[in-house]
Chemist: 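Structure in structure tokens, see below.
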2 protein chains.
Amino acid sequence: MGVTIAENQPVERRKKIAKILAEKGTNTGFCAIHNFLDHFATKWSMLVILHLGLAGKPRFNELKMSVTGISQRMLAVTLRSLESDGLVTRTIHPEIPPRVEYELTALGRSLLDVMMSLGEWANRHAEEILKARKKASRLN
Amino acid sequence: MGVTIAENQPVERRKKIAKILAEKGTNTGFCAIHNFLDHFATKWSMLVILHLGLAGKPRFNELKMSVTGISQRMLAVTLRSLESDGLVTRTIHPEIPPRVEYELTALGRSLLDVMMSLGEWANRHAEEILKARKKASRLN
DNA sequence: CGGTATCCTTGGAGATACTG
DNA sequence: CAGTATCTCCAAGGATACCG
């Protein structure tokens, strides 16, 4: 039909992307996606959310053990951040020794869904990407 | 039925998460999700992918103009990374002045879908998160 | 136009030690 | 157990200048 590849791309999708990237409220200069990425586009946030989804209501040290490679400090920092963003609740049980449980909120669980899509994509295409990388490095 | 909240969470979902987080090939110690996040969990990768999805086959400076706040250096670095991962193609048109076009590969487009879910989540819940943050900062 | 090269700063993040 | 505090270091990334 003489349409270019770009035109072939569903208009609907372009509209969606445009909406995602739109700066909301030009007066504030606030951009939702920038704001989001500044806070969540970190390895640890994503991993902690996934592990919280897996574990249910883990304690601090349970999380620390399961999230491979995370330091005590980064786990604490990440959890505080998620908590203040309303994604995670922190429940202190007044016992000795102290017991603290973390759990995803409804908001957190909705983000978990998205993180899972991301994780599934990563698993599905891991080899493909690795292959591309090796090819690219050979060309250097 | 006397099931706890944790048990209430679909078993299917837990299985999925476990699979995502599984270390593949214990001999290599290779974990797909870690590997993925190390490369893609950056603001610029995600934004560039979205803008590529929006624009189709933009030129370098078109991208630079549309991706708010990105420096020339980071755009170049990000594009080279995406290219070596097989997500983006780079087409040089031998003209004067030179013209270079970037475009998502099929693999890149499949990641775009995931990035869009992420972006839509960010838009949908931006206010909610902002509110939670304000509340948290008031408690300090 | 479409980049590299270089310098330089900042903050992300590990290691270690201490505490309610 | 579940953190905080402090020090430190490295690399992500901005600014600037130059090149094919």
Side-chain angles (χ1 to χ4, degrees), chain A residues 31 34-49 51-52 55-85 88-103 136-137 139-140, chain B residues 31 34-49 51-52 55-85 88-103 136-137 139-140:
Chain A
C31 180
H34 271 78
N35 190 46
F36 172 84
L37 291 175
D38 279 337
H39 275 253
F40 295 99
T42 92
K43 192 178 168 174
W44 296 135
S45 303
M46 299 201 185
L47 283 175
V48 166
I49 288 171
H51 279 276
L52 280 169
K57 301 171 63 173
R59 303 171 64 163
F60 185 88
N61 275 333
E62 287 172 0
L63 263 179
K64 186 171 181 307
M65 308 270 280
S66 62
V67 181
T68 314
I70 198 168
S71 65
Q72 192 174 29
R73 181 178 170 280
M74 283 319 292
L75 180 55
V77 168
T78 303
L79 284 171
R80 297 291 159 278
S81 164
L82 294 176
E83 198 191 348
S84 83
D85 287 338
V88 165
T89 58
R90 178 167 177 264
T91 311
I92 306 170
H93 299 270
E95 309 169 358
I96 299 204
R99 184 161 56 95
V100 180
E101 287 177 342
Y102 293 91
E103 190 178 14
S137 69
L139 295 179
N140 286 349
Chain B
C31 179
H34 271 78
N35 189 46
F36 173 84
L37 291 175
D38 280 338
H39 273 253
F40 296 99
T42 92
K43 191 178 167 174
W44 296 135
S45 303
M46 300 201 185
L47 284 176
V48 166
I49 288 170
H51 279 275
L52 280 168
K57 303 171 63 174
R59 303 172 65 164
F60 185 88
N61 276 331
E62 286 172 2
L63 263 179
K64 185 169 181 306
M65 308 271 280
S66 62
V67 181
T68 314
I70 199 168
S71 65
Q72 189 174 32
R73 182 178 171 279
M74 284 319 293
L75 180 56
V77 168
T78 303
L79 283 172
R80 264 181 271 119
S81 164
L82 294 176
E83 197 191 348
S84 83
D85 287 338
V88 165
T89 57
R90 178 169 179 265
T91 312
I92 306 171
H93 299 271
E95 310 168 357
I96 299 205
R99 183 162 57 95
V100 180
E101 286 176 343
Y102 292 91
E103 190 177 16
S137 69
L139 295 179
N140 285 351

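Within every chain, numbering begins at 1; the chains are lettered A, B, ... in the order of the sequence lines, protein sequences first and strands thereafter. We use all heavy atoms of the structure for the numbers below, so side chains are in, but hydrogens, waters and symmetry mates are not. As the structure is a computational prediction, the values presented were derived from the model and not from experiment.
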Chemist: Between C1' on C:dC1 and CG on B:Leu63, what's the gap in Å once rounded to a whole number?
Modeler: 14 Å
Chemist: Taking all non-hydrogen atoms of both residues, which atom of A:Glu103 and which atom of A:Leu52 are closest, and how far apart?
Modeler: N-CD2, 4.4 Å
Chemist: Take the protein atom CG of A:Leu75 and the nucleotide atom P of D:dG3, then report the distance between them rounded to whole Å.
Modeler: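 Taking CG of A:Leu75 and P of D:dG3, I get 8 Å after rounding.
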Chemist: Could you check how far CD1 of B:Ile70 sits from P of D:dA12, rounded to whole Å?
Modeler: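 Answer to the nearest Å: 15 Å.
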Chemist: If you take all heavy atoms of B:Glu62 and B:Pro58, which pair is closest and at what distance?
Modeler: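 Nearest pair, atom of B:Glu62 first, then B:Pro58: OE1-CA, 3.2 Å.
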Chemist: Show your working on side-chain contact (heavy atoms from CB on, under 4.5 Å) between B:Val48 and B:Val88 and close with a plain yes or no.
Modeler: CA-CA 10 Å; B:Val48 166; B:Val88 165; 5.9 Å; no
Chemist: Just grab all the side chain to side chain donor-acceptor pair (under 3.5 Å) pairs involving residues 90-102 of chain A, residues at least two apart or on different chains.
Modeler: A:Arg90-A:Tyr102, A:His93-A:Glu101, A:Glu95-A:Arg99, A:Arg99-A:Glu101
Chemist: Any idea which heavy atoms bring A:Lys64 and A:Ile70 closest together, and the distance?
Modeler: O-CG2, 4.1 Å
Chemist: Considering only D:dA2, C:dG2, D:dG14, which nucleotide approaches the side chain of B:Met74 most closely?
Modeler: D:dG14
Chemist: Under a cut-off of 3.5 Å for both distances of each Watson-Crick or G-U pair, what dot-bracket string does DNA chain C give, using [ ] for crossing pairs and | for inter-strand pairs?
Modeler: ||||||||||||||||||||
Chemist: To the nearest 0.5 angstrom, please state how far the CG atom of A:Asn61 sits from the OG atom of A:Ser66.
Modeler: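 If we round to the nearest 0.5 Å, A:Asn61:CG and A:Ser66:OG are 10.5 Å apart.
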Chemist: Hey, what do you get for OG1 (A:Thr89) to CG (A:Leu79), rounding to the nearest 0.5 Å?
Modeler: 10.5 Å
Chemist: Could you check whether any side-chain heavy atom of A:Thr78 comes within less than 4.5 Å of a side-chain heavy atom of A:Leu47, counting everything from C-beta outward?
Modeler: no
Chemist: Sequence neighbours left out, cut at 3.5 Å: what donor-acceptor pairs do the side chains of residues 36-45 of chain B make with other protein atoms?
Modeler:
residue: B:Asp38; atom: OD1; partner: A:Lys43; partner atom: NZ; Å: 3.2
residue: B:His39; atom: ND1; partner: A:Arg133; partner atom: NH2; Å: 3.4
residue: B:His39; atom: NE2; partner: A:Arg133; partner atom: NH1; Å: 3.4
residue: B:Thr42; atom: OG1; partner: B:Trp44; partner atom: N; Å: 3.4
residue: B:Thr42; atom: OG1; partner: B:Ser45; partner atom: N; Å: 3.2
residue: B:Thr42; atom: OG1; partner: B:Ser45; partner atom: OG; Å: 3.1
residue: B:Lys43; atom: NZ; partner: A:Asp38; partner atom: OD1; Å: 3.2

Chemist: Considering only nitrogen or oxygen atoms on both sides, find all protein atoms under 3.5 Å from nucleotides 3-7 of chain C and state each distance.
Modeler:
residue: C:dG3; atom: OP1; partner: B:Arg90; partner atom: NE; Å: 3.2
residue: C:dG3; atom: OP1; partner: B:Arg90; partner atom: NH2; Å: 2.5
residue: C:dG3; atom: OP1; partner: B:Tyr102; partner atom: OH; Å: 3.3
residue: C:dG3; atom: OP2; partner: B:Tyr102; partner atom: OH; Å: 2.6
residue: C:dG3; atom: N7; partner: B:Gln72; partner atom: OE1; Å: 3.4
residue: C:dG3; atom: N7; partner: B:Gln72; partner atom: NE2; Å: 2.3
residue: C:dT4; atom: OP1; partner: B:Arg80; partner atom: NE; Å: 3.1
residue: C:dT4; atom: OP2; partner: B:Arg80; partner atom: NH2; Å: 2.9

Chemist: Take atom CD1 of A:Ile96 and atom C1' of C:dT19, then tell me their distance rounded to the nearest Å.
Modeler: 14 Å
Chemist: Measure the CD1-CE distance between B:Ile49 and B:Met46 for me, rounded to the nearest 0.5 Å.
Modeler: 8.0 Å
Chemist: Whole Å only: how far is the NZ atom of A:Lys64 from the P atom of C:dG14?
Modeler: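 It works out to 11 Å between those atoms.
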Chemist: Report the residues that fulfil side chain to side chain contact (heavy atoms under 4.5 Å, CB included) with B:Ala76, sequence neighbours left out, ordered by chain and then residue number.
Modeler: B:Phe60, B:Arg80
Chemist: Going by heavy atoms closer than 4.0 Å, what residues in residues 37-47 of chain A are next to DNA chain C?
Modeler: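 A:Trp44 - these, ordered by number, are the residues of the stretch whose heavy atoms sit under 4.0 Å from the strand.
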